[in-house]
Amino acid sequence: MRPNRSFITLDEFTIRETRRFPKATGELATILRDIGLACKLINEKVKKAGLVDILGAEGATNVQGEEQMKLDVFSNDILKNVLENSSECAGVASEEEEDFVVFDDEYSNNSKYVVLFDPLDGSSNIDVNASIGTIFAIYKRTSKLGEACNEGDFLQKGRLLMASGYVIYGSSTMLVYATKLGVNGFTLEPAFGEFCLSHPNLKCPEDGSIYSINQGNYNKFDDDVKSYLDFCMDNENKKSYRHRYIGSMVSDLHRTLIKGGVFMYPADKQNEHGKLRLMYECNPLSFIVETAGGKSTDGKGDPILDIEPQELHQRVPIYIGSKNMVDKIHSFKKA
Ligand code: P6P
């Protein structure tokens with residue numbers, strides 16, 4: 001007798017997806033399972049951060065010169081450890097690591113994939129209990145199986161991603177990931193610790209009314225960005241806009257994906273390339289949004305996913321979300 005079960009777990013879903021590709025061997029499903037495990041371990045710490053001595057700064061700074069919070073370090077180590085023990089990952093690159101990390105053992109050298117991640121994005125929000133997230137990007141290696149992975153395996157443009165996703169540690173913990181088959185969301189069921197399909201076949205609304213940007217930087221923005229913000233704030237506008245900004249990219253992006261809208265982190269007079277990193281923030285999130293029918297550009301009209309990477313930690317300006325809103329922003333760009 002079939003049990004009366006209404007849910008499907010992440011592992012069951014990824015195995016079903018694998019079966020749709022006759023030649024697939026389940027390695028990608030294995031990596032997604034492993035990332036899911038790592039994020040459940042991170043979730044367990046994040047959800048009780050105030051109770052254990054894991055709050056506050058680690059006392060070190062990362063390659064970005066940003067103060068490392070203890071949870072950043074913990075999250076980075078967990079993801080590295082789980083993926084090193086995976087049978088399908090040859091190496092990783094992380095916001096918290098100066099260079100890519102090679103898992104130089106026989107199993108790993110024969111693995112087909114590499115993973116890049118921001119282990120805990122928005123970590124400055126930890127101490128104030130605002131939602132934060134993990135972002136990951138999965139590429140098929142370009143280097144020879146049997147040898148250690150190399151830099152070229154990581155410096156691939158976003159268009160070549162095999163899969164990407166994020167976990168948002170919010171009022172509930174959700175994992176959202178994309179392959180070329182589509183975007184699906186899974187909510188963690190604390191009762192038995194599994195991510196269960198809750199948001200099948202996610203689509204980014206073509207239009208929206210929420211613009212998300214750090215308004216505090218207004219005076220540093222170029223005139224075209226200021227003109228768009230003035231347009232959004234103009235109460236004479238026949239369409240009323242709302243401003244929302246959490247300061248945690250995964251959270252602002254998740255709202256944008258679900259409700260529609262646009263998230264922007266433009267270049268400005270101080271940051272000519274913007275602040276957000278191409279390889280483990282903008283590419284994976286752009287792959288998700290474009291797969292869901294949205295749009296993501298660098299503000300000069302180039303899709304984020306088509307940018308040829310030059311180095312692991314490079315930054316790019318980003319305008320991402322509902323297609324019509326991203327197009328509207330470009331209409332304010334100097335011709
Ligand atoms: P600002 C968090 O530090 C982060 O990297 C992203 O998650 C977030 O979108 C952005 O920086 C916020 O930056 O300059 O507005 O505080």
Side-chain angles (χ1 to χ4, degrees), residues 39 42 46 49 55-58 60-73 75-76 79 93-97 116-137 164-170 174 176 210-222 225-226 229 243-259 261-286 288-289 294 296-299 304 312-321 326 329:
C39 292
I42 293 168
V46 165
L55 273 177
E58 173 72 9
T61 57
N62 63 17
V63 290
Q64 326 296 338
E66 293 166 347
E67 185 178 67
Q68 277 189 318
M69 310 297 281
K70 287 182 180 175
L71 269 173
D72 281 307
V73 176
S75 305
N76 187 59
L79 277 158
S94 166
E95 182 197 45
E96 304 299 336
E97 300 284 342
L116 298 93
F117 51 77
D118 182 352
L120 207 56
D121 175 72
S123 50
S124 54
N125 286 304
I126 293 170
D127 286 342
V128 296
N129 218 14
S131 54
I132 51 184
T134 296
I135 309 170
F136 59 89
S164 73
Y166 60 84
V167 173
I168 178 169
Y169 309 101
M174 264 193 79
V176 175
I210 298 172
Y211 67 101
S212 185
I213 190 170
N214 182 343
Q215 193 86 21
N217 293 332
Y218 181 91
N219 291 328
K220 293 188 281 186
F221 292 142
D222 292 344
V225 176
K226 287 180 181 175
L229 296 181
H243 178 251
R244 294 287 184 276
Y245 192 68
I246 302 168
S248 164
M249 188 180 189
V250 169
S251 309
D252 284 316
L253 192 283
H254 186 64
R255 181 201 56 247
T256 302
L257 177 63
I258 301 290
K259 289 183 176 285
V262 64
F263 171 82
M264 299 163 272
Y265 208 103
D268 61 41
K269 295 180 177 61
Q270 280 175 349
N271 306 294
E272 63 167 325
H273 299 296
K275 172 182 181 182
L276 302 173
R277 272 73 66 170
L278 173 64
M279 297 312 294
Y280 39 78
E281 290 175 332
C282 297
N283 264 339
L285 297 180
S286 298
I288 292 169
V289 167
S296 180
T297 77
D298 61 359
I304 291 284
L312 276 180
H313 300 293
Q314 77 184 75
R315 300 171 192 264
V316 287
I318 185 166
Y319 301 72
I320 183 170
V326 174
I329 291 167

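One-based numbering, in listed order, for ligands and for the atoms of each.
Looking only at side-chain heavy atoms (C-beta outward), I318 and I304 come within less than 4.5 Å of each other. The closest side-chain heavy-atom distance from R315 to N271 is not below 4.5 Å.
In terms of protein heavy atoms, atom 12 (C) of ligand 1 is closest to Y245 OH, 3.3 Å.
Each of the following atoms of ligand 1 lies closer than 4.0 Å to a heavy atom of S248: 7 (O). Those atoms of ligand 1 with a heavy atom of F263 less than 4.0 angstrom away are 9 (O). Counting atoms of ligand 1 from 1 in the listed order, those under 4.0 Å from a heavy atom of G122 are 2 (C), 7 (O). Below 4.0 Å from some heavy atom of N214 lie the following atoms of ligand 1, by number and element: 1 (P), 14 (O), 15 (O).
Relative to atom 11 (O) of ligand 1, the option among E281, K275, M249 with the closest non-hydrogen atom is K275.
Ligand 1 has D121 within reach: a non-hydrogen atom of the residue lies less than 4.0 Å from it. Within the structure, ligand 1 has L276 among the residues with a heavy atom less than 4.0 angstrom away.
For Y265, a nitrogen or oxygen atom sits less than 3.5 Å from a nitrogen or oxygen atom of ligand 1, counting backbone and side chain alike.
Summarising the geometry, atom CD1 belonging to I213 is positioned 4.5 Å from atom CG belonging to L229; distances are rounded to the nearest 0.5 Å.
The aromatic rings of H243 and Y211 sit tilted, their planes meeting at an angle between 30° and 60°.
Within the 3.5 Å criterion, the main-chain N or O of S131 finds a donor-acceptor partner in the side chain of S251.
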